[in-house]
Amino acid sequence: MSKVFSSLSGKARDFIATGKKYWNEPAKGNYVPYKEVVNLGAAGFGVHWTSTLPSTIGLDASNFLVGASIGLRPIDLSIMLIVANIIGIPLTFFRSWYFDNHHMKGGKFLPFLLRTPFPIVAISTFFVWLPFESFEYTVKAAVVFTFYMIVQFFLSFYNEGWAYLQQIITPNAQERANVMSISQIIYSLAPTLSNLIIPTIAGLTFGLNNIQTYRIIYPVFSFIGIIINTIFFRRIKERLILPKRKMANIRIIDAIREVSKNKYFWITNGAGWIGFLEGAYGVLLGWSFVYAYNGEKQAQLGLVNTILGNAALWSMILCPFAIKLMGKRNLLILHNSLNVVFFVIMFFCYKNLLALCVILFFNGFINTFQNIYFPGIQADMKDYHQWKTGVRIDGLFKPLELIGTVLGFFTGLVLPTIYERMGLHDDYNVLYDDTLRNNLFQVLIICSIIGAILNLIPFFFYDLTENKHDGYVYVLKIRAMFEDYGNGDISDDELVEAMEIINRARTLEGKEKQPVDKTALHNARSMPKRDEYDKQLRKEAIKKAKKEIKEAKKYNNDIESYAIVLDELNKFETEAYKIQLTAAKKTYAGGPLQSYSELYEEEALAKMLPNNTKEEKQIRSNAFNAIRTKRAAAKLVKKYGIENILPPDESKREEIQNRETPTIADTMRAKRDLKAFLKAESIYNRATAPYDNARNILIQSENYTHLAEIEELYASILEKQSTVSVQ
């Protein structure tokens with residue numbers, strides 16, 4: 001026992017020492033110090049509590065506030081949600097565009113996290129104190145809908161800003177998983193406390209289906225959340241890998257064109273669109289405790305929520321190790337496969353509250369992995385997109401995600417229709433009927449099984465591995481270095497980091513992957529343990545064997561990741577890029593605006609190109625991509641005329657953005673003028689896209705010829721640093 005205690009205390013001391021060492025400065029290769037990780041978790045705590053009251057205002061039959069408390073019918077709530085989603089489409093377009101194009105100080109997403117909580121909580125508090133008891137049914141519905149739309153306008157900025165911030169806290173995929181794991185453990189205290197306290201107090205006082213709970217208990221948490229939110233979000237940084245040049249504004253329609261080519265977007269979103277039924281089981285726990293046993297167990301729901309919430313803690317601790325062991329894709333497949341198993345078991349034991357809670361505990365355990373790995377998948381997808389296209393997009397992935405919203409107009413009616421067909425209308429007291437409730441639960445569990453299976457299928461086609469992602473991030477850093485060097489705006493740290501990547505890639509060039517031999521580990525584990533000396537020898541042998549296996553795996557992973565870097569460095573020596581450069585020189589010589597009269601001949605030649613090897617496919621793909629861009633440009637030139645397609649005047653943009661707008665009419669006029677400016681800018685950019693693409697690749701090829709100069713500068717920086725360290 002003393003040895004166990006000594007081992008645990010030793011690990012605790014090591015943990016504390018590591019925390020102190022990297023509290024203010026991150027470890028080499030990482031970006032986020034531990035202090036900021038703690039701040040991120042505390043900020044998430046504030047996010048959850050700030051949203052405690054606003055999130056209760058929903059258009060869903062399972063929502064206790066608008067459903068059981070205010071008394072709106074499930075089918076009416078679904079119709080209201082469809083209308084809300086239709087109205088929300090242009091708002092989503094605006095929000096997505098604004099995220100990627102605003103000029104607020106403080107970052108890309110942090111300004112929204114600091115400014116939106118105040119109107120969110122104030123409007124929500126005012127809403128729950130309205131006298132719904134005296135309203136007619138139609139008035140209730142109208143008021144709920146109006147306030148839902150207002151709250152959602154601000155809440156969407158808030159929630160999406162929080163989601164995006166976690167994705168750009170670090171460009172290192174494994175570190176992102178580690179950061180989110182630790183911060184989520186801190187964050188999880190918020191739902192643990194609120195899920196314990198609120199249902200318990202509600203069960204002993206008004207009940208979760210009584211509006212007084214939402215008027216008195218919930219607002220306290222949201223106001224405390226605002227205070228926490230304001231303190232900790234000011235201590236967090238955003239980290240995007242971008243050149244130092246000012247990024248141009250991105251027009252919505254242009255972003256949609258780019259995102260539509262991202263195969264991982266369709267996989268990750270398509271899974272959710274076809275697997276919409278997976279969450280059907282979500283009402284089982286709450287409705288079981290509130291309506292089963294004549295509601296006598298309602299006060300126990302808070303304690304049960306706390307116990308079930310504890311499952312998330314272990315997931316958050318284990319998730320980084322699981323990602324490191326099997327990767328995000330394989331973890332996702334395992335997660336959804338286990339969900340199918342849990343739902344099948346649930347079908348046979350949902351009537352037993354204890355058995356239901358046990359199944360939901362394991363279901364919660366496996367589902368919480370998604371809170372960490374899925375934002376990582378989203379971030380990887382956006383890094384891949386930046387590597388593929390050269391354009392960084394975050395918020396403007398949202399417009400294409402509206403396909404899911406449109407599908408939701410139809411899929412959102414499925415569960416409410418089931419509710420009503422099974423006998424649940426505006427009187428939720430029918431759920432006290434065991435027969436009706438159990439029949440409904442059976443159907444909902446079957447729906448969840450179907451949804452989980454459908455959600456799983458698309459991810460068998462997802463192949464963006466951690467090794468590939470690492471390679472893409474390395475390339476982004478190298479491209480930024482070359483561009484900043486070419487613009488005369490590079491820092492020593494940026495240059496050193498990129499050159500270290502290049503040098504590591506060179507050491508791995510031509511190397512083959514090593515076999516991961518576990519024989520030494522098996523032999524070490526079979527060593528005798530007769531006395532302390534033997535045990536120590538065995539322990540050291542196991543430690544050494546594990547280290548060798550770990551190093552072999554890392555070496556193999558590096559070969560795969562840095563192969564992408566080598567491809568980038570050598571790309572202008574390949575036949576595909578030589579052909580592309582020749583074509584680029586011809587396009588560039590023709591000037592920004594051209595009629596591209598030889599498109600038909602170019603397309604005919606492109607169709608005759610061979611398509612057998614990887615390089616031949618790349619040459620053919622490049623040719624057709626260039627033709628598509630030229631065809632789009634030619635259509636614009638023909639439609640508007642060369643003389644009417646003018647380069648954007650940046651002074652006009654600044655004048656519009658800085659214009660004083662004392663009246664609503666002036667504000668609308670400024671918005672209209674900015675919209676017209678952006679449209680004209682987009683027309684010019686698309687009409688000159690072939691020329692711009694040609695110029696960019698020519699500049700990049702020129703920048704890459706400066707590698708020898710950069711190496712000399714790198715050597716001088718290292719020499720200077722060495723001299724300083726000696727002194």
Side-chain angles (χ1 to χ4, degrees), residues 11 15 18-19 22 26-27 29-32 34 36-45 47-48 162-192 195 264 268 271-272 278-279 307-342 359-383 452 455-456 459 462 464-470 473 550 553-554 557:
K11 290 180 179 179
F15 178 79
T18 303
Y22 301 121
N30 289 342
Y31 296 82
V32 189
Y34 286 173
E36 191 174 343
V37 177
V38 173
N39 287 332
L40 183 68
F45 192 109
V47 168
H48 181 83
W162 167 239
Y164 292 141
L165 177 66
Q166 295 175 83
Q167 294 174 15
I168 63 169
I169 193 73
T170 169
N172 184 315
Q174 185 60 47
E175 186 190 17
R176 188 186 300 125
N178 297 340
V179 167
M180 291 188 65
S181 174
I182 298 170
S183 64
Q184 287 275 333
I185 291 171
I186 301 169
Y187 157 84
S188 67
L189 292 172
T192 298
N195 288 341
Y264 299 117
T268 55
E278 185 172 358
I307 296 172
L308 296 184
N310 185 59
L313 172 65
W314 308 107
S315 307
M316 289 182 280
I317 292 173
L318 294 173
C319 191
F321 303 102
I323 290 174
K324 197 169 185 178
L325 179 66
M326 65 179 72
K328 291 185 282 289
R329 171 190 178 272
N330 293 337
L331 181 58
L332 182 148
I333 290 174
L334 176 64
H335 159 213
N336 271 322
S337 300
L338 288 175
N339 265 348
V340 175
V341 175
F342 292 147
I359 292 298
L360 289 176
F361 181 90
F362 287 108
N363 175 252
F365 169 77
I366 197 68
N367 278 344
T368 305
F369 281 93
Q370 183 175 244
N371 295 347
I372 296 173
Y373 74 66
F374 201 74
I377 285 175
Q378 294 289 313
D380 291 353
M381 174 183 71
K382 291 169 184 176
D383 291 338
N455 198 344
L456 173 63
F459 282 96
Y462 182 91
L464 181 52
T465 64
E466 278 68 20
N467 293 339
K468 284 184 180 179
H469 173 261
D470 288 345
V473 171
K550 183 178 179 181
K553 286 181 177 179
K554 186 179 186 308
N557 292 342

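All residue numbers in this chain count up from 1 along the given sequence. What you see is a predicted model; the values in this text were computed from it and never measured.
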Least distance between heavy atoms, Gly364 atom then Ser315 atom: O-OG, 4.3 Å
Separation of Gln370 CD from Asn336 CG (nearest 0.5 Å): 7.0 Å
Passing candidate, side chain to side chain contact (heavy atoms under 4.5 Å, CB included) with Asp383, options Leu464, Val473, Asp470: Val473
Plane angle bin for Tyr462 and Phe459 - parallel if under 30°, tilted between 30 and 60°, otherwise perpendicular: tilted
Flag if over 12 foreign heavy atoms under 6.0 Å of CZ, Phe374: yes
Approximate separation, where rounding is to 0.5 Å, of Tyr373 OH and Asn371 CG: 9.0 Å
Residues forming a side-chain hydrogen bond (donor to acceptor under 3.5 Å, both in side chains) with Glu466, sequence neighbours excluded: Lys328
Value rounded to 0.5 Å, distance of CG in Asp380 from OG1 in Thr268: 11.0 Å
Point-to-point distance, once rounded to the nearest 0.5 Å, from CD1 of Ile366 to CG of Leu338: 5.0 Å
Side-chain heavy-atom pair Leu456, Val340 within 4.5 angstrom cut-off: no
Contact check, side chains of His335 and Leu331, non-hydrogen atoms, under 4.5 Å: no
Tyr31 vs Pro26 side-chain heavy atoms within contact, under 4.5 Å: no
Criterion side-chain contact (heavy atoms from CB on, under 4.5 Å) on Phe369 and Leu318, from CA distance to verdict: CA-CA 8 Å; Phe369 281 93; Leu318 294 173; 4.2 Å; yes
From CE (Met326) to CG (Leu332), nearest 0.5 Å: 11.5 Å
Closest approach of Ile169 to Gln166 (non-hydrogen atoms, all atoms of both residues): CG2-O, 3.4 Å
Spacing of CG belonging to Leu325 relative to CZ belonging to Phe321, to within rounding of 0.5 Å: 11.0 Å
